[in-house]
Amino acid sequence: MDNGKSPVSVHSSANSPVSFVAPSRSVKRPRPVKSCLECRKRKLKCDRISPCSQCQKAQRACRYAAEGEAVSLSDGSDVEVLERTVKRTRPVTGQEFSQRSANYSAVLEDHAARLERLERKLERRPESTSSVAEPGGTRPQLSAASSITMRGLSVKGGLRTRFFGHNSTRVLVNLFDEAKDFMFSRNKSGDIRELFMNINKVHKALQDEHRKATAPITVFVDSMTPIQKRMADVLPSRAVCDTLLEIYMGGSETIYRVIHAPSFMKQYAGYWQGSPQHEAFLPQLLSILCVGYRFLGTGKGQYHDREGIHIPTASSLVKTWLDDLRGKQLVDFSTLQAELLQLMAQRMINPQNQETWTHLGLIVRMAMTMGLHRDPSEFAHKISPFWAEQRRKLWYTIVELDVHMSVQCTLPSCIREGDFTCLPPMNLNDEDMYPSIEQLPPSKPIDQHTDARIQVFAANTLPIRLRIVELINRTDSLRDYQQVLEIGNELERVFEDIRYIVPPAASSTNRKEYLRKWLSRIVLDMHCRRPLLALYRPFALSSPDAPQQIMTGYLRSSMILLSYLDELDPASPDFKQIWHMHQLVLKEDILQAAFSVCYYINQVANSPKAADLSTPETLVRCASVQEACTIASESSILLSLPRLKNTVQKVLDGMLDRIREIGTDLRDIVSLTVVFSTSRGGTLEQKRDAIKSGVQAILDVGLQATHANQEKISSIPIVSSSPGSINTTQAGTSFMNSSQPFVATTDAPDTMSDDFNAMWDLEYWNPFMPLWRSLEK
């Protein structure tokens with residue numbers, strides 16, 4: 001069978017390959033192929049008999065290449081090693097060329113068909129991916145245009161500007177056309193005009209009072225005495241400090257873990273015994289006392305008294321100490337603790353979110369320069385287990401504050417998902433660790449109460465909340481509700497986990513234990529519900545085609561936030577302090593939720609009575625905002641219209657009780673009163689009477705707070721606000737096809753008379769004044 005000349009060798013001799021190879025290279029002549037085809041294929045050594053021993057062992061059919069049969073001259077054989085240049089330079093026969101051309105044509109046709117199918121899919125992509133599948137198999141059709149979310153911009157003199165997100169009352173009030181028309185109309189009756197003018201005077205008087213209350217005492221601030229001595233001078237007595245320190249530990253050192261309690265209490269005891277302490281101890285102690293005193297009760301910390309601490313003075317002294325630090329002091333761990341505590345103390349008297357957001361950005365970068373965003377285990381220089389855990393606790397406190405302030409300001413967070421590798425803290429009590437410990441004990445289960453449990457659970461939800469912050473700040477680029485619904489569902493599952501980990505305590509439980517469980521559950525729920533409300537708000541309050549899940553979920557979350565205190569007994573001795581802390585911490589959240597509930601009340605009260613709003617087709621996609629709000633209100637007895645109205649009225653009553661508190665803005669109360677009065681429905685005369693009654697109640701409480709009577713207030717002349725102030729917003733068409741998007745429009749009626757302009761602060765009340773109106777002044 002093998003005659004000594006294989007077909008390949010014969011072919012190669014007739015067509016010498018030498019002419020195809022560069023002269024500088026030495027090319028070996030190919031050896032004849034004598035192995036069987038199976039051995040060549042498997043790269044086995046063939047003994048070249050028929051059948052060969054390899055094929056006999058494997059019981060394969062042994063076959064040799066026939067004369068004239070084309071055989072690949074690859075270098076795969078274990079005995080025949082051919083040069084690659086020989087294989088490349090073999091001439092192609094006409095038959096092989098035709099076969100290859102046919103193969104190439106088939107491949108090209110297949111690729112062309114694939115490209116055509118891909119193009120058809122891409123052409124259909126906007127229709128198929130711009131919507132979210134709803135129950136019943138239908139998909140809502142949404143426009144691909146970008147969204148203009150709720151925002152505003154105040155402009156003063158053309159140079160000073162300030163941004164307002166959709167959480168601001170300045171923007172929320174734009175939802176209610178009837179309320180805006182009433183506030184900006186010149187056709188008010190004389191009695192109502194007089195009420196508004198007197199309220200403006202009360203507002204100015206309260207502002208002056210707040211300004212004086214938040215001013216530090218100059219004898220301490222401007223003194224040439226060393227700063228440590230001045231800070232010691234403003235300290236209250238040991239008994240007062242003990243009380244305020246205990247309040248701080250129970251009210252703030254839960255999710256915001258800044259100090260190690262046993263270590264700090266050891267320093268605290270040593271200070272009162274006269275032993276010297278670290279220079280950062282007094283600044284930390286003063287800030288802690290400020291927070292504790294503000295939590296103690298209404299009006300605490302605003303005025304100097306011997307039984308407390310004057311928060312403006314103490315906070316100013318701590319800031320002076322921080323500003324004087326230089327060099328290595330700026331990267332000391334205790335300095336970062338003092339910086340964070342001072343920020344929290346400052347918010348007790350100056351709750352300006354954007355200022356806090358700006359200051360927090362500096363703290364974030366300060367922490368990053370210290371390496372807190374990286375887990376201590378990543379560093380070559382070993383950090384002790386105790387200090388590694390303290391670094392983790394402080395880093396997650398900073399991230400938690402950053403997320404909260406970004407949501408409140410509707411501004412990007414300084415920290416994004418993936419920017420840090422620091423692991424969450426362990427679920428351990430502070431007493432379980434000490435500075436000289438060589439190894440930390442194992443972390444306890446999350447359902448077991450510890451000092452760190454609230455922060456540990458919240459830390460594990462941070463990835464979801466960081467994605468929400470990122471999503472809120474790019475709402476304009478969204479083309480459908482898919483991401484909003486998916487991340488909303490993730491956060492809804494977190495609430496189920498909270499109810500499992502911290503279930504409501506039985507009424508027979510010890511009072512202290514009952515309050516501890518209630519506070520733990522409320523703190524966790526509050527920090528997770530804020531981002532959910534901010535995520536749903538742009539769609540629930542602006543888009544007529546928003547999914548019912550968003551419409552109902554937003555109303556339910558708003559009512560839950562407004563109903564936290566319903567679990568407590570108002571007759572209990574500690575209810576007043578808890579109510580005060582609740583109002584202090586959630587003031588802005590309560591106001592936003594109240595405006596949102598008013599929006600639903602307004603839609604339901606003014607919606608036509610549909611024959612049946614519970615059909616499957618209606619549940620899939622509501623025909624209007626009114627129907628969506630009605631379905632949301634009827635989805636639960638807790639969301640019924642009477643309960644919605646009662647809840648908003650309770651919010652107004654609570655705001656009136658705190659009218660003298662720092663941070664309470666009379667304009668917010670008036671705005672909510674007018675909005676609520678016009679949203680409840682009824683005739684124009686009924687709405688007018690409701691507004692008059694509500695505004696009169698505000699005036700009565702304001703007069704009492706300023707220790708004045710109506711005759712004295714009426715005799716005060718009206719002072720015009722500074723001109724040249726307007727608010728403008730970006731306008732556009734919402735991608736949700738909103739007929740009236742929830743944005744500040746620029747076509748507000750020009751009905752403001754000059755005396756009304758003078759009687760109220762137009763930079764707040766009229767964010768829609770045309771530019772020419774400001775210029776002509």
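- The two residues Ile259 and Asp430 come nearest to each other via the heavy atoms O-OD2, 4.1 Å.
- No donor-acceptor pair under 3.5 Å is formed between the side chain of Ser223 and the backbone N or O of Phe220.
- The two residues Glu417 and Pro463 come nearest to each other via the heavy atoms OE2-CB, 3.7 Å.
- Between Arg474 and Glu470 there is a salt bridge, since at least one side-chain N of the basic residue sits less than 4.0 Å from a carboxylate O of the acidic one.
- Counting only N and O atoms by type, the side chains of Ser596 and Tyr554 include a donor and acceptor under 3.5 Å apart.
- A donor and an acceptor atom, one from each side chain of His449 and Arg516, are located under 3.5 Å apart.
- Using bins of under 30°, 30° to 60° and over 60° for the plane-to-plane angle, the ring pair Tyr271/Phe281 lands in the tilted bin.
- With salt bridges taken as basic N to acidic carboxylate O contacts below 4.0 Å, none links Arg453 and Asp447.
- No hydrogens or angles considered: nothing links the side chains of Gln354 and Gln408 as a donor-acceptor pair under 3.5 Å.
- Note on ring orientation: taking the six-membered ring where Trp is involved, the planes of His582 and Tyr564 are perpendicular (angle over 60°, cut-offs 30° and 60°).
- A salt bridge does not link Arg230 with Asp233: every distance from a Lys NZ or Arg NE/NH1/NH2 to an Asp or Glu carboxylate oxygen is 4.0 Å or more.
- A pairwise comparison of heavy atoms in Ala459 and Tyr396 identifies CB-CD2, 3.6 Å as the closest pair.
- Between Glu209 and Lys212 there is no salt bridge, since no side-chain N of the basic residue sits under 4.0 Å from a carboxylate O of the acidic one.
- Side-chain contact annotation: Gln337 with Thr335, donor-acceptor N/O pair under 3.5 Å absent.
- For the side-chain contact (heavy atoms from CB on, under 4.5 Å) with Val258, the qualifying choice from Leu336, Ile288, Leu340 is Leu340, the only one to do so.
- Shown here is Glu438, whose CD atom has no more than 12 heavy atoms of other residues, nucleotides or ligands within 6.0 Å.
- Nearest heavy-atom pair, Cys241 versus Trp272, reported as atom, atom and distance to 0.1 Å: SG-CZ2, 3.8 Å.
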request  = Show the numbers, then the answer: is there a ring pair (Phe, Tyr, Trp, His ring centres under 6.0 Å) between Phe333 and Trp387?
outcome  = CA-CA 10 Å; Phe333 188 80; Trp387 285 110; 5.6 Å; yes
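- Heavy atoms only, all atoms of each residue included: Arg521 and Val502 are closest at CD-O, 3.3 Å.
- A salt bridge links Arg238 to Asp242: one of the charged nitrogens lies within less than 4.0 Å of a carboxylate oxygen.
- Between Lys319 and Asp323 there is a salt bridge, with a side-chain nitrogen of the basic residue lying less than 4.0 Å from a carboxylate oxygen of the acidic one.
- Taking 4.0 Å as the cut-off between side-chain N and carboxylate O, Asp432 and Lys444 count as a salt-bridged pair.
- Summarising the geometry of Arg658 relative to His580, their closest heavy-atom pair is NH1-ND1, 3.0 Å, with the distance given to 0.1 Å.
- A 6.0 Å sphere centred on CD of Glu378 holds more than 12 heavy atoms belonging to other residues, nucleotides or ligands.
- Residue-environment remark: CD (Gln228) exceeds the threshold of 12 foreign heavy atoms within 6.0 Å.
- Cation-pi check for Arg529 over Phe495 is met; the charged atom lies under 6.0 angstrom from the ring centroid and within 45 degrees of its normal.
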